[in-house]
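Scroll down for the structure; my scribbles are underneath it.
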2 protein chains.
Amino acid sequence: MATRSTGRTDVTRSAILARLGALGPASRADLARALNVSPALMTQLTRELLSDGLLQELEHSPSQGGRPARMLGLVSSAGRAIGVKVVADHVAFVEVGIDGTVLRSASEPFDASTTTVLTDLASLLRRFIAGGRDIPLLGIGVGVPGSVDRQGNGVVESTQLGWHQVPLGSTLRRELKLPVLVENNVNALAVAERLYGLGRNHENFLVVTIGTGVGAGVVVDGVVLRGFAGGAGEIGHIPVAEDGPLCSCGNHGCLESLVGQGPLVEIARGGGIISKSGGIAALRAAADADDDGAAEIFSHAGHLLGRALAGIVHTLDPEIVIILGEGTASWKHWSYGFEPAFRSALVPSRRGVAVEVETWQDESWAQGAAALVMATPFDSVDIAGDQGRLVRERLVEQSAPHLRGAP
Amino acid sequence: MATRSTGRTDVTRSAILARLGALGPASRADLARALNVSPALMTQLTRELLSDGLLQELEHSPSQGGRPARMLGLVSSAGRAIGVKVVADHVAFVEVGIDGTVLRSASEPFDASTTTVLTDLASLLRRFIAGGRDIPLLGIGVGVPGSVDRQGNGVVESTQLGWHQVPLGSTLRRELKLPVLVENNVNALAVAERLYGLGRNHENFLVVTIGTGVGAGVVVDGVVLRGFAGGAGEIGHIPVAEDGPLCSCGNHGCLESLVGQGPLVEIARGGGIISKSGGIAALRAAADADDDGAAEIFSHAGHLLGRALAGIVHTLDPEIVIILGEGTASWKHWSYGFEPAFRSALVPSRRGVAVEVETWQDESWAQGAAALVMATPFDSVDIAGDQGRLVRERLVEQSAPHLRGAP
DNA sequence: ACTACTTTGTTTAGAACTAAAATAACTTTA
DNA sequence: TAAAGTTATTTTAGTTCTAAACAAAGTAGT
């Protein structure tokens, strides 16, 4: 019950780095307060990091009424990470710097159903890695649509990919000789939001993605909730309609089977709103052009999502709900149905909960995956396990090949 | 991010006591393993506790192949706690020993809507306390139907009691000069389950209560999830029926407005299944006597609850669901609707999640509230804040008035 | 200009842990 | 019955933190 993971020092040491990376320069005093350690220890740890070349002293910040603070900044060449998005028919890569900025990205066709998936993926990754700059590569984060036993283990269960207990983590690790963290793609996004996005200012929030499917990442007290078997957040399969359409999971009337991109397009085709070959883009275009039928389809989806999210908000009491995913491109149309349904289904005291829709980019999924690597230093609960330790080691030792802790 | 609460020693020290209380005698080696500290430290801490008279050495346990373990047991007169259940028309008290056993209990009529509620409650409590034995009273736990800002603060928001931002915690604390922990009643039950019940063996579980209303307590990684404003677990207000009956919260078709005791009785009366003055007991009796209409009412409630819980299981991925509350007396009848609806609405991989129905007693609510006090020693996250520290202090110092830590 | 007050950062002494070696008290095996 | 193997507990010699005192570097009031 009382938690004391060994090697707290390492955690704190790289929490300093991660925090500076995520939030920009800060003074020793700030860091000590933020990380909840004594100023004395902060002096000592930063001294080591400075002499290791991971940190640099910057200008003085204007005085707050006392001695002005000496700001500390990250030496940006300290590390990079690679994020991978895996879906059924392609993979996407990004390389991010220690501050989360995207340095490079790429996308490759890919077939998740072959028997050689894992070695194929390793090859693609190897090629992408080779193109990178000469900065220590801290690790690889992989986001998959499905549940993952533990980030550091990386055994994947995914109906969407047709994977059953696939040892993605251990295989990539062996092939690439690098720390590999595997996580559900929505949870990875939640980690990214926590590190770089709106979640920086909130300890309890919900990340909801709409697109092909519907998913959620739950952040509680600053940590992503994974549940017993890493399957938390599968809100796409919340039962909504008693005798609804067949869902990919085999059940009928799941939320996803009603508001996923596929079903929406189906309805639009059936209603003659778009052509038989038209896709979600066509449907959105129709709604943008004031087609009542198209608008109604989005609005109804919003209505259903709103009622479902209201239930989740009652269950989890988040401070804020963040909407992400490809589907947000049509959010304007969703919102007509969403807002009234969502608000009116909430208990009065909860009715003010904030809903924010963030801009979405193609590479966002992969960027989220990369955040897994950058987030491990924060990981005092050690969700990432052994791989987390390896990332920390690389962060500190690869950049400072000389002896550490010398007198 | 890196958490280090000051005074870890105190936490560990009383985690020893709480663990021995909850799980019975154990050896130093066991304790060291369970609390994740070194054997060396355990030797030292138990030496202090032994000399303080809080622990006693018991018989040797049979050897496990090596040196036999010397068991340590709690001196049961080390402490007691009082639990209070507050509802609109009465309050119930229990006094529990350090091992969670009920020593005394009482129930008093009470009006939660008067302007003098708080002083009334304090008076009733004072009287109950006075009847107790001469054992250090560690603190008071209070369970309320509503949300509480923080356990240690105890500001209550409850439509059921008609309370708006009532400073229950601070008032009782001032009146009684004792540590007071206030918590939502279902969350308190979840704490009790974690400490003494099925939750002892699970880190992720869900406690669901059925009765007048419907509520849930969510335990994630061993800790009760409270959400942003302490409002997590209000599953009674998950929207279920688009145009359902009016709920106490002002909305229509909430889960609670369909499967709460009140609504079930209403339907039964309307259908002539029980008399106009009959209550839930009459309805249960009818179902027990094979009345099809009565059975159908319970079964339908089970059906709705099953579908709603399936959604929650998808969201949270608990290992086990524990059903509690007055309504469990009729669970046999609920289950005909619950089981098929629940299982069939779950994704195949989740379909095996365990559902356990525990026996329910009148005093269970109050007993749960008392567990708040006994749980604070475990509380390494310090949910209970200042009051937690006070409980810890009383546990160690009241029982050992002589100087501690002497050479 | 001088004093009082704030805030940052450093030093130092000591508290709280741990790891590893030593010791104790068995069981099992030859 | 002695040697080897296990498990429990204690001792010892650090390591890692903190608290508290101090030093540094400003602002603000008089």
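Letters go in sequence order (proteins before strands), and every chain restarts at 1. What you see below is based on every heavy atom in this structure, not just the backbone, and it leaves out hydrogens, waters and symmetry mates.
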Distances under 3.5 Å between protein N/O atoms and the N/O atoms of nucleotides 11-13 of chain C, please, pair by pair.
unit_1: C:dT11; atom_1: OP2; unit_2: A:R47; atom_2: NH1; d: 3.3

Expected rows: protein N/O vs nucleotides 25-29 of chain C N/O, under 3.5 Å:
unit_1: C:dA25; atom_1: N3; unit_2: B:R67; atom_2: N; d: 3.2

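Rounded to the nearest 0.5 Å, atoms CD (B:E203) and CG (B:D221) are 6.5 Å apart. Distance CG/A:L198 to CD/A:E319: 11.0 Å, rounded to 0.5 Å. Between the CZ atom of B:R80 and the CG atom of B:L137 there is a distance of 4.5 Å, given to the nearest 0.5 Å. Separating the CG atom in A:L54 from the CG atom in A:L49 is a distance of 5.5 Å, to the nearest 0.5 Å.
The distance between atom CD1 of A:I16 and atom P of C:dG9, rounded to the nearest whole Å, is 13 Å. The CD atom of A:E57 sits 12 Å away from the P atom of D:dA25 (whole-angstrom rounding). Distance A:M42 CE to D:dT18 P: 9 Å, rounded to the nearest Å. The distance between atom CG of A:L45 and atom P of C:dT10, rounded to the nearest whole Å, is 12 Å. The distance between atom CD of A:E48 and atom P of C:dT10, rounded to the nearest whole Å, is 13 Å. In this structure, A:Q44 places its CD atom 8 Å from P of D:dC17, rounding to the nearest Å. Spacing between atom CG of A:D30 and atom P of C:dT8 amounts to 7 Å, rounded to whole angstrom units. For the pair A:R70 CZ and C:dT10 P, the computed distance is 10 Å after rounding to whole Å.
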* salt bridge (charged side-chain N to carboxylate O under 4.0 Å, His left out) evaluation trace for A:R70 with A:E59 -> CA-CA 6 Å; A:R70 191 66 182 270; A:E59 77 293 355; over 6 Å; no
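In terms of heavy atoms, A:S63 sits closest to A:G65 at OG-N, 2.9 Å. Shortest non-hydrogen contact noted between A:L50 and A:E57 is CD2-N, 3.9 Å. Minimum interatomic distance between A:G368 and A:A192 (heavy atoms only, all atoms of both residues): CA-CB, 3.8 Å.
Ranking D:dT18, D:dA8, C:dG9 by closeness to the A:R28 side chain, first place goes to C:dG9.
The pair A:R200-A:E193 fails the salt-bridge criterion, with no side-chain N (NZ, NE, NH1 or NH2) lying under 4.0 Å from an Asp/Glu carboxylate O.
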